[in-house]
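Quick notes on the structure that follows.
Remember, it's 1-based here, ligands and their atoms both numbered in the order they're listed. All values below were derived from every heavy atom in this structure, side-chain atoms included, with hydrogens, water molecules and symmetry-related copies excluded. FYI, the numbering just counts along the sequence from 1.
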Amino acid sequence: MTGIAPSILAADFANLQRDVEMLNNSTAAYIHVDIMDGMFVPNISFGLPVCEAVHRHAKKPLDVHLMIEQPDRYLADFRNAGASIITVHYEACPHLHRTVQHIKELGALAGVALNPHTPVEVLSEILGDISLVLIMSVNPGFGGQKFINNTYKKIARLAEMRREGNHNFLIEIDGGVNVENAGKLSAEGADVLVAGSFVFNSPNPTQTIEDLKIAGKL
Ligand code: DX5
Ligand code: ZN
């Protein structure tokens, strides 16, 4: 499914139920859940109990982005906490094929994320096995950072690999997404746009989600 995936990293954690209900009543396609361990990335976000709590109220699929070392340790737990999509980082998985198979065996869709410096070509042998590629358009760890322009080139190259290989994975972009860059991102081949601060810091988040959807023609 294409569309907008607002990141609850930018929500008001003291009013999480209210913010999840806002997303339920919006045109968001997914709820993006950013898990950070303070090791793979220099920040700690939240963990399983918060993911479970969001899932209790969510009417949209949870798109869980694991920015953690050795994610294999927690795949089953995040599936049990309500993840529909589980995305692991290429840079954190020495046995990526095994990790992807494990996610699929758990009944979730498997995604693989790439840091800004990682070329899309490293995924060439696994593109047929996965449902989503997440291209980081900032260095993972924090919301509210500036979009890295080199991302457009990576999306175009990955979309070309998708066409050439006759694959059907989704291309998701995460970091610094706003109404100015949404159109160009989807024109290059992006299907899912994650947006944290741009949505939650706006005066009318529901409308902002719809604005992003229109700007990205998603
Ligand atoms: C960054 C996270 C992102 C983040 C995006 O490490 O993976 O999902 O929440 O936030 P914005 O949209 O504020 O850049
Ligand atoms: Zn994310």
Any heavy atom of A10 sitting closer than 4.0 Å to ligand 1?
no
Show the atoms of ligand 1 that are less than 4.0 angstrom away from any heavy atom in M67.
6 (O), 7 (O)
Any side-chain donor near an acceptor of the partner, H65 and D63, under 3.5 Å
no
For the Zn ion (ligand 2), what is the closest N, O or S atom on D174?
OD2
Assign the ring pair F78 / Y74 to parallel, tilted or perpendicular, where the plane angle (0 to 90°) is split at 30° and 60°.
perpendicular
Taking only non-hydrogen atoms of M36 and a 4.0 Å limit, the atoms of ligand 1 in range are 6 (O)
Judged by modelled atom types alone, do H102 and D72 share a side-chain donor-acceptor pair under 3.5 Å?
no
Looking only at protein heavy atoms, identify the closest one to atom 12 (O) of ligand 1 and say how far it is in Å.
G196 N, 2.7 Å
Distance from atom 5 (C) of ligand 1 to nearest protein heavy atom, with residue and atom
D174 OD1, 3.5 Å
Where's the contact between A195 and ligand 1, heavy-atom distance under 4.0 Å: side chain, backbone, both or neither?
backbone
Considering all heavy atoms, the nearest A10-G196 contact:
CB-C, 3.4 Å
Are M39 and L48 grouped together when hydrophobic residues (ILVMFWY) are joined by side-chain heavy atoms under 4.5 angstrom apart?
no
Identify the residue among V112, L123, I173, V120 that makes a side chain to side chain contact (heavy atoms under 4.5 Å, CB included) with V133.
L123
Any atom of ligand 1 sitting under 4.0 Å from a heavy atom of F198?
no
Considering the heavy atoms of G175, write down every atom of ligand 1 situated less than 4.0 Å from one of them.
14 (O)
Ranked by distance from atom 14 (O) of ligand 1, the top protein heavy atom is G176 N, 2.8 Å
Does E180 form a side-chain contact (heavy atoms from CB on, under 4.5 Å) with F198? I'd like the steps, not just the answer.
CA-CA 11 Å; E180 309 296 321; F198 188 72; over 6 Å; no
Would you mind reporting whether F46 and L16 have side-chain heavy atoms less than 4.5 Å apart?
no
With the Zn ion (ligand 2) as the apex, the NE2/ND1 angle for H32 and H65 - to 10°:
100°
Determine whether L132 and I103 fall in the same hydrophobic cluster, where Ile, Leu, Val, Met, Phe, Trp and Tyr are linked whenever their side-chain heavy atoms lie under 4.5 Å apart.
no
Scan side-chain atoms only and decide if N25 and E21 contain a donor-acceptor pair under the 3.5 Å cut-off.
no
Looking only at side-chain N and O atoms, does S137 offer a donor or acceptor that is under 3.5 Å from a partner on T151?
no
Ligand 1 atoms in contact with H65 (distance to a heavy atom under 4.0 Å):
7 (O)
Within ligand 1, which atoms have a heavy atom of S197 less than 4.0 Å away?
11 (P), 12 (O), 13 (O)
Report yes if the side chains of E210 and I214 come closer than 4.5 Å at any heavy-atom pair, otherwise no.
yes
In terms of atom number and element, which parts of ligand 1 are under 4.0 angstrom from non-hydrogen atoms of V194?
8 (O)
Note: ligand 1 atoms sitting under 4.0 Å from heavy atoms of G143 are 10 (O), 13 (O)
for atom 1 (C) of ligand 1, nearest protein heavy atom and its distance come out as F142 O, 3.6 Å
The Zn ion (ligand 2) - name of the N/O/S atom of D34 that sits closest to it
OD1
Considering only the protein, which heavy-atom contact is closest to atom 9 (O) of ligand 1, and what is its distance?
D34 OD2, 2.9 Å
If you have a sec, work out which protein heavy atom is nearest atom 6 (O) of ligand 1 and how many Å separate them, to one decimal?
G141 N, 2.8 Å
Subset of ligand 1 atoms that lie under 4.0 Å from at least one heavy atom of G144
11 (P), 13 (O), 14 (O)
